[in-house]
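Keep in mind that what you see is a predicted model, and the values were worked out from it rather than measured.
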Amino acid sequence: MSEFPISVNLYVASSEEIVENLIPFFARLDDDQVQKAIAHFFVKFQQKPGLGAVVYQKLAAYYYQQNQVDLAINLYQYSIQLNPKFELAYYELGNIFAQFQQWEKAINTYNKILEFKPNAGHIDERIAEVYYQQENWEQARFYYQKAVKSQPNLWLSFYKLGEIYFRQQDWLEAIATYQVSIYHKSDFPWSYFRLGECFAGVENWQASAQTYEKAIELLPDFYWGYQALGQIYLKLEAWEKAVNLYQRASRLESDYYCCYKDLAYAYLRLGEWEKALKNYQKAVELKIELSPQDQHWKDLLSQLKDQPIEFSTTIDHPKSIKVFLPFPISSPLFSPDSYFVIKQLQKNDIEFTSNPDQADLIIAENLKILELFSYKYKKHKRYLLYTEEPRFDINFSQQISLNNINIQIMNIYTQDVFINNYTCCIWHKRVDAVNQSLSLLKDTHFNRKKDKKVVTLTTKKQNSSLLRDGNNIDLNGLRCEIALIGYYLGKVDIYGQGWEKGVSLEDSREGDWTIRKLEILQDYHFNLCFENTIAPYYCTEKIWDGIIAGCLPIYYGGEHSTIYEDFPPNSFIDYCQFNSPIELFNYIDQMEWSEYQHRMNLCIDTFNKMAKIMKENQYFIPNRTDCLIKRIIAMFA
């Protein structure tokens, strides 16, 4: 062995000392001699393979830094031969293959680690990244999800999951994963930028603005952030704020053409015509294609520079009123079995007919149906839209004009369909709970299968926003967002349809869903039970079902909810009191049993009072019928 005049003492020297001796020795050899030397020492290291594996790994890392990639790969393979469970050697070798886009080799190398370390989340993250680079979104999503289940603090995996969902325009999943990423790493500006875009995707302008502002705070010199936030303030009609943001964007990037046409429009709404025209002209100079509306404003401003522009956002009265229903209406007031309602209507000379020609009034749940009848009968009949479903009709006024014909509206937004927090509840399968008082919560009731865990029973829907006065009054999106964040944090169990595979524990509603729902709730301490929509007295069975099952509701009816007309403060958990889902879950984690018991008993007491009032007032059917009668009579006054 005189060919290699260097000795290695395997029982005295450390791996660092051996590497320090071998590197200058290898430097004096040509490539073939280096390979022979590596093979020579490999035989010697078999006497102490653990030490040899570390030596070869460190040599490999050194030569990789020297851009001797082939030699580094060879050394990693020797290291792995000496120690087939040497994670670091596989990891660094896999990274080399990934860097040089040898995707299959990279994945195979990473998978070797998972054979002896199956719950290594950071390795699943690396495999996911390889698939992500190949734009294989399905496999990337699978491994990122696997990574965070094994290692929940992998913020980058949550961020990349958000990127995948963002590409697929699955806004709710994206919002949840970006927020969990922020929870684990709060100083990464791109999470906030993306989150702002997702909130804009569901038309939650306020949340989008807040998120963009945080992104700008972390990255104040990025012009796109000011442009994006400016667009949100245009949506919110905050013209001066939009102007300030677009000006900052143009200062940071003077040729960033997108901001000029938006800046022009903001000036236009502020009445600063010269500045508006100047920015429209700047946009045209930069070859921006103006929308037809912007081109109209530009042409108008050019013609009227000095002139202000103003913006502008028969039947005979019958003795008795005959009503025709084209289709059944899903309300107890219109049920054929509601003899009390029918009798009350008849007392006021209102009766039903099956012949539309004989009818004085046509009532339907859908505007399209009334529109069809209005084409035929025009102003010779009256028309009333009546619905108790929040999305069957989304008009916010009590009367609209359709083809120059007045349509009267009674829906949950006009405040004359539901008259208190009880009248929207579906009680026919909960009558036992209503007919007997619920018992107050005792100490022994705190122990449940799902200790301190939250459950939600909801269907996931995309893009369900509903704007009223610039505010999103839809709650399904927010409810799903909180549920997903809680799911990724291990705080929430989800039941319902429409969720990604593996997220929902149960998605079927076959059989008697009411009974199954109460069975599920009885295993949990907290129930995330937002309404679908914010509207006065729109209080469905959701909050009451949680109380019946002894499960503390996490509820949200909006900042000015009518729910507090019946519930005392600090009874249910009101999401209005929290700034984020993370804050909510932290609060639940810290809640003492005494507070839980106090809140739950306040809710039970409210339920018992409600049940008594409901029975005494015949479930408010007479009161609601009176509201309907008054509207009908007023139409013929």
Side-chain angles (χ1 to χ4, degrees), residues 1-118 120-136 139-140 143 147 156:
M1 293 296 174
S2 58
E3 186 179 357
F4 303 107
I6 184 173
S7 62
V8 175
N9 190 331
L10 302 181
Y11 299 95
V12 176
S14 65
S15 60
E16 288 83 1
E17 292 172 329
I18 296 173
V19 169
E20 287 177 0
N21 289 329
L22 288 179
I23 288 174
F25 171 67
F26 286 162
R28 298 194 295 269
L29 306 178
D30 60 30
D31 292 344
D32 289 339
Q33 289 175 322
V34 168
Q35 294 296 335
K36 290 180 180 178
I38 290 171
H40 164 74
F41 288 111
F42 176 77
V43 174
K44 188 174 182 67
F45 278 125
Q46 287 179 339
Q47 302 173 38
K48 205 168 183 182
L51 175 64
V54 174
V55 169
Y56 280 117
Q57 176 267 324
K58 290 183 176 180
L59 284 170
Y62 169 80
Y63 284 112
Y64 179 68
Q65 291 177 352
Q66 303 302 311
N67 292 321
Q68 298 186 49
V69 177
D70 292 338
L71 178 56
I73 291 173
N74 193 22
L75 286 162
Y76 278 124
Q77 290 171 340
Y78 273 114
S79 175
I80 290 167
Q81 287 184 59
L82 288 167
N83 182 2
K85 293 186 177 182
F86 191 12
E87 178 183 343
L88 183 59
Y90 285 111
Y91 182 79
E92 292 178 348
L93 178 57
N95 290 347
I96 292 176
F97 289 137
Q99 181 181 353
F100 288 93
Q101 298 185 4
Q102 298 181 36
W103 307 124
E104 187 173 352
K105 287 183 177 180
I107 290 171
N108 291 338
T109 305
Y110 292 135
N111 271 319
K112 289 293 184 181
I113 300 174
L114 296 178
E115 290 178 7
F116 58 84
K117 198 173 182 180
H122 63 291
I123 302 302
D124 287 314
E125 185 177 60
R126 292 304 304 158
I127 296 174
E129 181 63 21
V130 171
Y131 284 120
Y132 187 92
Q133 293 299 324
Q134 297 178 82
E135 298 186 358
N136 186 337
Q139 285 292 341
Y143 277 98
L156 187 58

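Looking at S79, its side chain never comes within 3.5 Å of a backbone N or O of L75 through a donor-acceptor pair. Between the side chain of Y56 and the backbone N or O of F42 there is at least one donor-acceptor pair closer than 3.5 Å. Without hydrogens or angle criteria, Y90 side chain to P84 main chain gives a donor-acceptor distance under 3.5 Å.
Residue D31 qualifies as open at atom CG: its count of foreign heavy atoms under 6.0 Å is 12 or below. Sparse packing is recorded around NZ of K112, with 12 or fewer heavy atoms of other residues, nucleotides or ligands lying under 6.0 Å away. Counting non-hydrogen atoms of neighbouring residues, nucleotides and ligands closer than 6.0 angstrom, the CD atom of Q66 exceeds 12 such neighbours.
Here the straight-line distance linking atom CZ of F41 with atom NZ of K36 works out to 14.5 Å at 0.5 Å rounding. To the nearest 0.5 Å, the span separating CD1 on I127 from CG on L114 amounts to 4.5 Å. To the nearest 0.5 Å, the span separating CD on E129 from OH on Y143 amounts to 14.5 Å. Atoms CG and CZ, on L93 and F86 in that order, are 12.0 Å from each other to the nearest 0.5 Å. Atom CD in Q33 sits 13.0 Å away from atom NE2 in H40 (nearest 0.5 Å). Atom CG of residue N111 and atom CZ of residue R126 lie 13.5 Å apart, to the nearest 0.5 angstrom.
No side-chain donor from either of Q81 and Q77 sits under 3.5 Å from a side-chain acceptor of the other.
When all heavy atoms of L82 and P49 are compared, the closest pair comes out as O-CB, 3.4 Å. The shortest non-hydrogen separation linking N83 to A53 is CB-CB, 3.6 Å. Nearest heavy atom pair, residue V130 against residue A98, reads CG2-CB, 4.2 Å. Residues A37 and F25 share a closest heavy-atom pair of CB-CE2, 4.4 Å. The two residues A89 and I80 have their closest heavy-atom pair at CB-CG1, 3.9 Å. For the pair Y91 and H122, the tightest heavy-atom approach, listed with the atom from each and the gap, is CE1-CD2, 4.3 Å.
The side-chain heavy atoms of N108 and F97, taken from C-beta on, include no pair separated by under 4.5 Å. With contacts defined as side-chain heavy-atom distances shorter than 4.5 Å, the pair Q101/Q134 does not qualify. Residues V19 and Y62 have side chains not in contact (no heavy-atom distance under 4.5 Å, counting atoms from C-beta outward). At a threshold of 4.5 Å between non-hydrogen side-chain atoms, the residues F26 and L59 count as touching. E87 has its side chain within reach of I123: a pair of non-hydrogen atoms, C-beta onward, lies under 4.5 Å apart. Within the 4.5 Å cutoff, the side chain of I96 has no heavy atoms near those of the T109 side chain. In this structure, the side chains of N74 and D70 stay at 4.5 Å or more apart for every pair of heavy atoms.
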Can V54 and I18 be said to form a side chain to side chain contact (heavy atoms under 4.5 Å, CB included), step by step?
-> CA-CA 10 Å; V54 174; I18 296 173; over 6 Å; no
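Taking the charged nitrogens against the carboxylate oxygens, K85 and E115 have no contact shorter than 4.0 Å, which rules out a salt bridge.
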